[in-house]
2 protein chains.
Amino acid sequence: MPAPERTSLEAIVAAASDILEASGLDAVTMQAVAARVGVKAPSLYKRVADREALVRLVADTATERLATALERPTTLAEAARAFRAFAREHPRSFQLIFSASADPEILARASAPVLRIARDLAGEGDALNAARLLTAWAVGFVQMELAGAFQLGGELDEAFEYGLRGVERAITPR
Amino acid sequence: MPAPERTSLEAIVAAASDILEASGLDAVTMQAVAARVGVKAPSLYKRVADREALVRLVADTATERLATALERPTTLAEAARAFRAFAREHPRSFQLIFSASADPEILARASAPVLRIARDLAGEGDALNAARLLTAWAVGFVQMELAGAFQLGGELDEAFEYGLRGVERAITPR
DNA sequence: ACCTGAACACCGTTCAAGT
DNA sequence: ACCTGAACACCGTTCAAGT
């Protein structure tokens with residue numbers, strides 16, 4: 001006898017993402033997610049292999065949102081600022097993206113705009129190395145900012161703009 | 001009636017660190033740590049407030065080891081390579097250091113050598129900004145390397161050396 | 001003074017039984 | 001076909017009782 005579906009994979013992932021941002025990864029329990037979509041925990045296993053797979057899906061959708069946020073900018077400065085803005089708006093999603101390694105295909109989507117900007121500045125031959133320098137700096141800066149690891153005072157906004165100028169100089173051929 | 005001590009805080013933190021590196025943070029359970037020091041889980045609460053405090057202690061000791069590894073190098077290139085070597089030797093400790101924010105005092109110890117190198121290259125006025133650019137790049141690069149996020153091919157060693165030259169150029173006044 | 005067994009709350013996961 | 005209650009294993013934590 002058929003039974004109507006009372007939820008969906010999209011709703012489950014959205015619920016998990018909401019809980020992640022509101023309360024942290026530890027709060028993303030199968031029971032909390034289930035309750036939010038109006039179902040009991042065991043039902044989640046109809047759409048998701050286990051909690052780890054669900055968290056992975058959350059990371060993938062977050063990576064997709066980041067990729068979308070990076071599509072619009074055209075300059076290095078715009079891209080870096082958009083990247084930092086994303087991390088500040090969705091700090092826990094950001095940390096999840098760069099701790100759990102995301103799906104390679106989605107990662108490639110997020111990398112494409114950075115690679116294009118790097119190529120424009122550094123030239124074809126150094127494009128990949130330049131993109132990695134730029135990405136590493138941006139990831140590290142935002143990560144340390146979110147972790148509260150920059151504690152020696154000084155202006156973080158100023159440090160970010162200084163870094164931005166430095167990275168641009170680093171990848172621009174002399 | 002007095003009872004002899006069968007373990008110590010140091011032994012507990014060391015056991016937790018070993019389990020972390022061997023099997024990951026999820027494997028650092030109170031029971032696993034207790035078993036390794038030859039005691040039952042409830043006994044750990046005589047020396048440690050709770051699991052979170054224990055993990056924090058593990059992060060702090062790892063940060064201290066990192067600080068020690070950064071004391072010897074004198075140049076930017078040496079420091080960066082020592083940093084990367086530490087991360088590859090203790091990947092899970094490294095990730096713990098930069099996700100859970102460590103103790104400010106210990107963080108300051110690890111920052112000191114970086115700040116000195118940055119000052120030598122960038123000068124007094126830009127020392128802090130330069131240290132932050134350098135640190136952000138190194139943290140981000142190693143983090144992405146460990147997470148397997150650099151997937152577009154190319155040589156990672158080469159990307160690291162390219163980044164190193166770029167960062168040095170970025171923080172050296174023209 | 002430290003250690004432990006027992007207990008409790010909570011979580012992930014499975015599965016037979018419902019509809 | 002999907003949903004759920006019941007059950008199991010496992011974990012963190014507390015505490016009275018041991019020595």
>> Quick check: closest heavy atoms across Tyr45(B) and Asp50(B), and the distance to 0.1 Å?
In response: CE2-CA, 4.0 Å

> Minimum heavy-atom separation for Ala147(B) to Phe98(A), with atom names?
Replying inline: CB-O, 4.2 Å

> With sugar-phosphate meaning primed atoms plus P, OP1 and OP2, does Thr29(B) contact a base, only sugar-phosphate, or nothing at under 4.0 Å between heavy atoms?
Replying inline: sugar-phosphate

> Would Phe160(B) and Trp137(B) count as a close aromatic pair, with their ring centres under 6.0 Å?
Replying inline: yes

>> Could you check whether Tyr162(B) and Phe141(B) have their ring centres less than 6.0 Å apart?
In response: no

From C-beta outward on [X], which listed nucleotide comes closest to its side chain: [options]?
| X | options | value |
| --- | --- | --- |
| Lys40(B) | dT4(C), dT14(D), dT13(C) | dT4(C) |
| Met30(A) | dC3(D), dG12(C), dT4(C) | dG12(C) |
| Glu5(B) | dC3(D), dC3(C), dC2(C) | dC2(C) |
| Pro42(A) | dT4(C), dC15(C), dC2(D) | dC15(C) |
| Arg6(B) | dC3(C), dT4(D), dG12(D) | dC3(C) |

Whole Å only: how far is the [atom1] atom of [X] from the [atom2] atom of [N]?
| X | N | atom1 | atom2 | answer |
| --- | --- | --- | --- | --- |
| Asp50(A) | dC11(C) | CG | P | 17 Å |
| Leu44(A) | dC15(C) | CG | P | 17 Å |
| Gln31(B) | dT13(D) | CD | P | 11 Å |
| Tyr45(A) | dC8(D) | OH | P | 17 Å |
| Arg51(B) | dC10(D) | CZ | P | 17 Å |
| Asp26(B) | dA9(D) | CG | P | 21 Å |
| Leu9(A) | dC2(D) | CG | C1' | 15 Å |
| Leu54(A) | dC11(C) | CG | P | 15 Å |

> For Glu78(B), does the CD atom sit with more than 12 other heavy atoms under 6.0 Å from it, leaving out its own atoms?
Replying inline: yes

>> For a quick test of reading the model: is some side-chain N or O of Arg47(B) closer than 4.0 Å to OP1 or OP2 of dC2(C)?
In response: no

> Is the phosphate of dT4(D), meaning OP1 or OP2, less than 4.0 Å from a side-chain N or O of Ser43(A)?
Replying inline: yes

> What do the steps show when you test Asp120(B) against Arg116(B) for salt bridge (charged side-chain N to carboxylate O under 4.0 Å, His left out), and what is the final call?
Replying inline: CA-CA 6 Å; Asp120(B) 289 348; Arg116(B) 176 172 41 74; 5.1 Å; no

> With distance as the sole test, does Arg51(B) use its side chain to make a donor-acceptor pair with the main-chain N or O of Val28(B) at under 3.5 Å?
Replying inline: yes

>> Given a 3.5 Å cut-off on both pairing distances, which stems involving DNA chain C, each at least three consecutive Watson-Crick or G-U pairs, are present, if any?
In response: C:4-8 with D:12-16, C:12-16 with D:4-8

